[in-house]
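Below, chains carry the letters A, B, ... as their sequence lines are ordered, and counting in each starts from 1. The basis for the numbers below is simple: all heavy atoms, side chains too, and nothing from hydrogens, waters or symmetry mates.
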Amino acid sequence: MFALVDCNNFYVSCERVFNQKLEGRPVIVLSNNDGCAVARSNEAKALGIKMGAPLFSLKELIKQHSIVALSSNYALYGDMSNRVMTLLREFSPSVEVYSIDEAFIQMNGLAGQWESLSLLGKTIRQRVKMWTGLPVCVGMAPTKTLAKIANHLAKKRSEFQGVCDLSALSEAERCAYFCSLDVGEVWGVGRRIAQHLHNMRIDTVEDLRNANTQLIRSRFGVVMERTVCELQGMPCLALEEMTPPKQQIISSRSFGSMVCSYDELREAVASYLLRAAEKMRAQESICCAVHVFIETNRFRVNDPQYANGVTIPLTEATADSRRLVAAALYGLKRIFKAGYYYKRAGVILMQLSPAAMRQSTLFGHASIQDDVIMQTVDSINKRFGRSAITLASAGVHHGWHMLAERRSPCYTTQWDDVPAAR
DNA sequence: TCTGGGGTCCTAGGACCC
DNA sequence: TCTGGGGTCCTAGGACCC
């Protein structure tokens, strides 16, 4: 048995833990650069605000209903997420952190300690609420795909009160619920495949569950076939407790304002690279290639458009920021064209491998000293804040920096922002 | 004025090998 | 009349997830 624990309206709920005034009001949290709504309170959903709706299209609605729109505060959400995951591990050692706001728990062996699975689910729900202030829902079932559906029911159907054990339902009840859910609700069925399935008259979760697996495989491939098997109760996806190291690391941002000068673009690319390289060193990897890309604002259809990217292979795998920045800026020079307004840039560190298995080249430069320098820079930045030590090429003014005009304080990660109890 | 960011997996097709 | 068979590796593109 798997349980899926998923926080409700996670970003909004994090904000509410520290700001009581947000309770009961429509609240949305915006994507980077204050662009789109990426989290919505139930009140905001009730007003019809869609996931990903651009902020400018909501201006009227926001004024009309006094909706609170906040910039995203990932320092806060990441820390709250860690608290929830730590708490879940007290229930079971087998926890897969699937995303910032949800985790799968393997329940095997736990059933004996609890009167019923649903009591365990309720306890998880209560304890997370009490210890972190965050509301969660729990779905339980014999496969991960079914646990996802159980969680969906726990959230949407009030009769479950936040906890749904699919295996406790009668076959008739289960069937009725599955018939009421659109096939697009299934984990692994996105927009394109949902449309394709509808064309085949596979409309509900129940329809997909009863579909011919061979036909599904021939039309959609092995991934969708597994999904159907999982819906039938046959586990195809295991719990993944160990997160494998990332195979690539991306760092990119939209600019807060349009950028047309090469110098500004260079600063941005160098800054993004430093962040990506720091992440790469944190997972003890090195990379063999750096990809740089830049693009204009594709939404301004009347502006001249240009987007390009280039991959720069490295002669020797490295995690040294100085070498990586040099490669990225060399790439940028090759793709930069003057006369355009750029809106976004980014870098991708590719072909990652474990640093411990570095293969030197005959005339290579890698030295222990370089590693020590990078380690030192990382530990200083960790202690004194990001960019306490940086490269000059990353600049200091950052006029292109993304917008975050309504960001809440870092209540749990900055001493100066810790709320006072009076 | 104004539309996010960061990932994974699978497949098809091309290049190449013997 | 008429030109094999079996592989690997890499990449781009398409799908999905949050």
Side-chain angles (χ1 to χ4, degrees), chain A residues 4 6-11 28-40 49-60 62 69-74 77-78 81 96-104 144-145 148 151-152 183-197 216-227 236-237 240 243-258 272 275-276 279-280 283 288-289 291 293 295-303 309 311 313 341 343-352 401-405:
Chain A
L4 176 64
D6 192 313
C7 302
N8 304 353
N9 316 328
F10 182 57
Y11 296 171
I28 59 175
V29 174
L30 303 169
S31 61
N32 272 332
N33 219 29
D34 293 345
C36 303
V38 292
R40 305 151 294 155
I49 297 179
K50 295 271 180 284
M51 181 68 176
L55 177 62
F56 73 85
S57 72
L58 301 173
K59 282 274 153 68
E60 270 310 301
I62 287 175
L70 297 165
S71 306
S72 37
N73 181 347
Y74 289 104
Y77 312 149
S81 173
E96 173 185 343
V97 178
Y98 178 66
S99 75
I100 194 166
D101 75 328
E102 62 189 302
F104 288 102
K144 288 168 118 181
T145 305
K148 273 273 194 185
N151 190 284
H152 180 85
V183 70
E185 299 292 348
V186 175
W187 190 37
V189 177
R191 271 236 304 281
R192 301 297 290 263
I193 289 179
Q195 188 55 55
H196 197 152
L197 287 169
I216 294 293
R217 174 157 191 159
S218 67
R219 295 272 179 94
F220 301 98
V222 64
V223 178
M224 194 50 51
E225 184 192 21
R226 279 190 207 124
T227 296
C236 300
L237 304 171
E240 289 168 23
T243 39
K246 288 186 182 36
Q247 299 171 27
Q248 57 176 35
I249 292 174
I250 302 178
S251 177
S252 78
R253 290 282 179 279
S254 296
F255 303 130
S257 54
M258 300 288 216
Y272 300 159
R275 185 172 334 185
K279 279 192 213 166
M280 180 167 70
Q283 70 161 33
C288 286
H291 183 88
F293 61 91
E295 57 195 48
T296 50
N297 189 343
R298 65 183 192 280
F299 293 104
R300 293 177 59 105
V301 287
N302 295 324
D303 286 6
T311 302
Y341 288 105
K343 181 61 178 171
R344 202 165 99 96
V347 299
I348 310 179
L349 303 181
M350 304 168 75
Q351 299 168 27
L352 270 57
H401 208 274
M402 70 174 191
L403 300 175
E405 291 176 335

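- Within 4.0 Å (heavy atoms only), A:Tyr98 reaches sugar-phosphate atoms of the nucleic acid but no base atom.
- When the side-chain nitrogen and oxygen atoms of A:Arg344 are compared with OP1 and OP2 of B:dT3, none of them lie within a distance under 4.0 Å.
- Under 4.0 angstrom from either OP1 or OP2 of B:dT3 there lies at least one side-chain N or O belonging to A:Lys343.
- The side chain of A:Arg253 contributes an N or O atom lying less than 4.0 Å from OP1 or OP2 of B:dG6.
- For A:Arg226, a side-chain nitrogen or oxygen approaches OP1 or OP2 of B:dC10 to under 4.0 Å.
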List the steps and the verdict of side-chain contact (heavy atoms from CB on, under 4.5 Å) for A:Gln283 and A:Leu352. CA-CA 10 Å; A:Gln283 70 161 33; A:Leu352 270 57; 3.5 Å; yes
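- Across all their heavy atoms, A:Tyr11 and A:Ala39 have their closest contact at CB-CB, 3.7 Å.
- In terms of phosphate contacts, A:Ser252 brings a side-chain nitrogen or oxygen within less than 4.0 Å of OP1 or OP2 of B:dG6.
- A residue-by-residue look at A:Cys36 and A:Ile250 shows that A:Cys36 has its nearest nucleotide of DNA chain B further toward the 5' end.
- Taking the side chain as every heavy atom from C-beta outward, A:Asn32 and A:Ser72 approach each other to under 4.5 Å.
- Across all strands shown, A:Val186 has heavy atoms under 4.0 Å from sugar-phosphate atoms exclusively, and none from any base.
- With A:Glu96 contributing its side chain and A:Glu240 its backbone, the two residues share a donor-acceptor pair below 3.5 Å.
- Listed for the A:Asn151 side chain is a donor-acceptor partner under 3.5 Å among the backbone atoms of A:Leu4.
- With distances taken from any side-chain atom of A:Ser251 to the nucleotides B:dG6, B:dT3, B:dC10, the minimum falls on B:dG6.
- Atom CD1 in A:Ile348 sits about 13 Å away from atom C1' in C:dA12, given to the nearest Å.
- One C1' atom belongs to C:dG4, the other to B:dC17, and the distance between them is 15 Å to the nearest Å.
- The side chain of A:Tyr74 has B:dG4 as its nearest neighbour among C:dC18, B:dG4, C:dA15.
- The side chain of A:Trp187 lies closest to C:dC18, out of B:dG4, C:dC18, B:dG5.
- Under a 3.5 Å cut-off, the side chain of A:Ser71 and the backbone N or O of A:Glu405 do form a donor-acceptor pair.
- For A:Asp101, the listed nucleotide lying nearest its side chain is C:dC18; candidates were B:dG4, C:dC18, B:dT11.
- Here A:Arg192 does not reach the OP1 or OP2 of C:dG14: none of its side-chain N or O atoms lies under 4.0 Å away.
- The listed nucleotides are B:dC2, B:dG4, B:dT8; the one nearest the side chain of A:Lys246 is B:dT8.
- Between A:Lys59 and A:Arg217, the residue anchored nearer the 5' end of DNA chain B, judged by the nucleotide with its closest heavy atom, is A:Lys59.
- Listed nucleotides B:dC10, B:dT8, B:dG6 differ in distance to A:Gln248; the shortest reach to its side chain belongs to B:dT8.
- When the nucleotides B:dC9, C:dC18, B:dG4 are ranked by their closest atom to the side chain of A:Ser31, B:dG4 comes out on top.
- Checking the phosphate oxygens (OP1, OP2) of C:dC10, no side-chain nitrogen or oxygen of A:Gln351 falls inside 4.0 Å.
- B:dA12 and C:dT11 make up a base pair, with Watson-Crick or G-U wobble contacts both under 3.5 Å.
- Side-chain proximity of A:Gln247 to C:dC16, B:dT3, B:dC9: nearest is B:dC9.
- Residue A:Lys148 has a polar side-chain atom (N or O) positioned under 4.0 Å from OP1 or OP2 of C:dC18.
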